[in-house]
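Working notes for the structure below.
These numbers come from a predicted model, not from an experiment. Starting from 1, each residue takes its place in the sequence as its number.
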Amino acid sequence: MISQKAKYALRALVSLARVGRGETMMIGEISKEQSIPKKFLEQILLELKRAGFVDSRRGRAGGYVLLKAPEQIMYGEVLRVIDGPIAPLPCLSKIAYRKCEDCRDEASCEIRHVFERVTLATRAVLDSTTLADSLRLEDLPV
């Protein structure tokens, strides 16, 4: 399961994607629209800012803005920033590979082979689905 923090991050990004390219949205607006606690949202937006997804602007037209087009932001990259590796087993992780302590041989591990298929299918969806795709729910494959 993804964390609540990751869900909030994705929902905040979707809100920003809806307002249009270059348009800002105040943190209070995002918080209210998405029912995200404001203090938690502040932390999440700072993390997304450090990762290069959003920027903050001051002044009358201030708020948060997407730095990339919604078509360029993949669900998988957001999840990796917020939650870390997308793998049910450490031996299947792309960014944090670690041999399982109780495994004698990865090549013949039945459990690994099953979860490798799950991982590849999950990555295929997450790494090819953008924020823009998620705004068009009817177009998403089931």
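Under the 4.5 Å side-chain criterion, counting only non-hydrogen atoms from C-beta, Leu16 is in contact with Tyr64. The closest side-chain heavy-atom distance from Glu47 to Lys5 is below 4.5 Å.
Between the Arg136 side chain and the Ala132 main chain, a donor and an acceptor come within less than 3.5 Å of each other. Of the possible polar contacts, none joining the Lys49 side chain to the Phe53 backbone as a donor-acceptor pair under 3.5 Å is found. Side chain of Ser128 to backbone of Ala124: a donor-acceptor contact under 3.5 angstrom is found. Checked by atom type and distance alone, the side chain of Glu29 pairs as donor or acceptor with a backbone atom of Met26 at under 3.5 Å. For the pair Thr119 (side chain) and Leu92 (backbone), a donor-acceptor distance under 3.5 Å is absent. No donor-acceptor distance shorter than 3.5 angstrom exists from the side chain of Gln34 to the backbone of Ser31, with no hydrogens or angles considered. No donor-acceptor pair under 3.5 Å is formed between the side chain of Arg57 and the backbone N or O of Thr24. Put simply, the side chain of Ser93 never gets that close to the backbone of Ala87: no donor and acceptor are under 3.5 Å apart.
Across all non-hydrogen atoms, the minimal contact from Ala12 to Ile36 is N-CD1, 4.4 Å. Taking every heavy atom of both residues into account, Met74 and Leu126 meet most closely at CB-O, 4.0 Å. Closest approach of Ala6 to Leu79, counting heavy atoms only: CB-CD2, 3.6 Å. Taking all atoms of both residues into account, the shortest heavy-atom contact from Glu106 to Cys91 is OE2-CB, 3.5 Å. Nearest heavy-atom pair, His113 versus Cys109, reported as atom, atom and distance to 0.1 Å: CD2-O, 2.9 Å. When every heavy atom of Val78 is checked against every heavy atom of Ala9, the shortest pair comes out as CG1-CB, 4.4 Å.
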Side chain to side chain contact (heavy atoms under 4.5 Å, CB included) evaluation trace for Val54 with Val65: CA-CA 5 Å; Val54 301; Val65 63; over 6 Å; no
Worked check of side chain to side chain contact (heavy atoms under 4.5 Å, CB included) between Arg18 and Met25: CA-CA 10 Å; Arg18 277 195 192 111; Met25 197 170 183; over 6 Å; no
Side chain to side chain contact (heavy atoms under 4.5 Å, CB included) assessment of Leu48 paired with Ile82: CA-CA 8 Å; Leu48 292 173; Ile82 302 297; 4.1 Å; yes
Test log, rule side chain to side chain contact (heavy atoms under 4.5 Å, CB included), inputs Glu42 and Lys38: CA-CA 6 Å; Glu42 288 172 358; Lys38 194 173 175 182; 4.2 Å; yes
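In this structure, CD1 on Ile30 lies 5.5 Å from CG on Leu45, to the nearest 0.5 angstrom. To the nearest 0.5 Å, atom CD of residue Gln4 and atom CD1 of residue Ile44 are 8.5 Å apart. To the nearest 0.5 Å, atom CG of residue Leu46 and atom CD1 of residue Ile27 are 7.5 Å apart. To the nearest 0.5 angstrom, Ile73 atom CD1 is 5.0 Å from Leu131 atom CG. Summarising the geometry, atom OG1 belonging to Thr122 is positioned 10.0 Å from atom CG belonging to Asp127; distances are rounded to the nearest 0.5 Å. Note that CG of Leu13 and CG of Leu66 are 6.0 Å apart. Values are rounded to the nearest 0.5 Å.
Using modelled atom types, one finds no donor on one side chain facing an acceptor on the other under 3.5 Å when comparing Thr130 with Glu71. Side-chain N/O atoms of Tyr75 and Ser134 include a donor and acceptor closer than 3.5 Å.
Applying the 6.0 Å contact sphere to NZ of Lys39 captures no more than 12 heavy atoms from other residues, nucleotides or ligands. Within 6.0 Å of the NZ atom in Lys68, the count of heavy atoms belonging to other residues, nucleotides or ligands exceeds 12. The environment of Ile111 atom CD1 is sparse: at most 12 non-hydrogen atoms of other residues, nucleotides or ligands sit within 6.0 angstrom.
Both Leu41 and Val81 are members of a single hydrophobic cluster when ILVMFWY side chains are connected at heavy-atom separations under 4.5 Å. Clustering ILVMFWY residues whenever any of their side-chain heavy atoms sit less than 4.5 angstrom apart, transitively, puts Val114 in a cluster other than the one holding Leu89. Residue Phe115 is not grouped with residue Val125 when hydrophobic side chains (ILVMFWY) are merged at heavy-atom distances under 4.5 angstrom, including chains of intermediate members.
With respect to the salt-bridge test (charged N to carboxylate O, under 4.0 angstrom), the residues Arg11 and Glu33 do not qualify. The pair Asp83-Arg80 fails the salt-bridge criterion, with no side-chain N (NZ, NE, NH1 or NH2) lying under 4.0 Å from an Asp/Glu carboxylate O.
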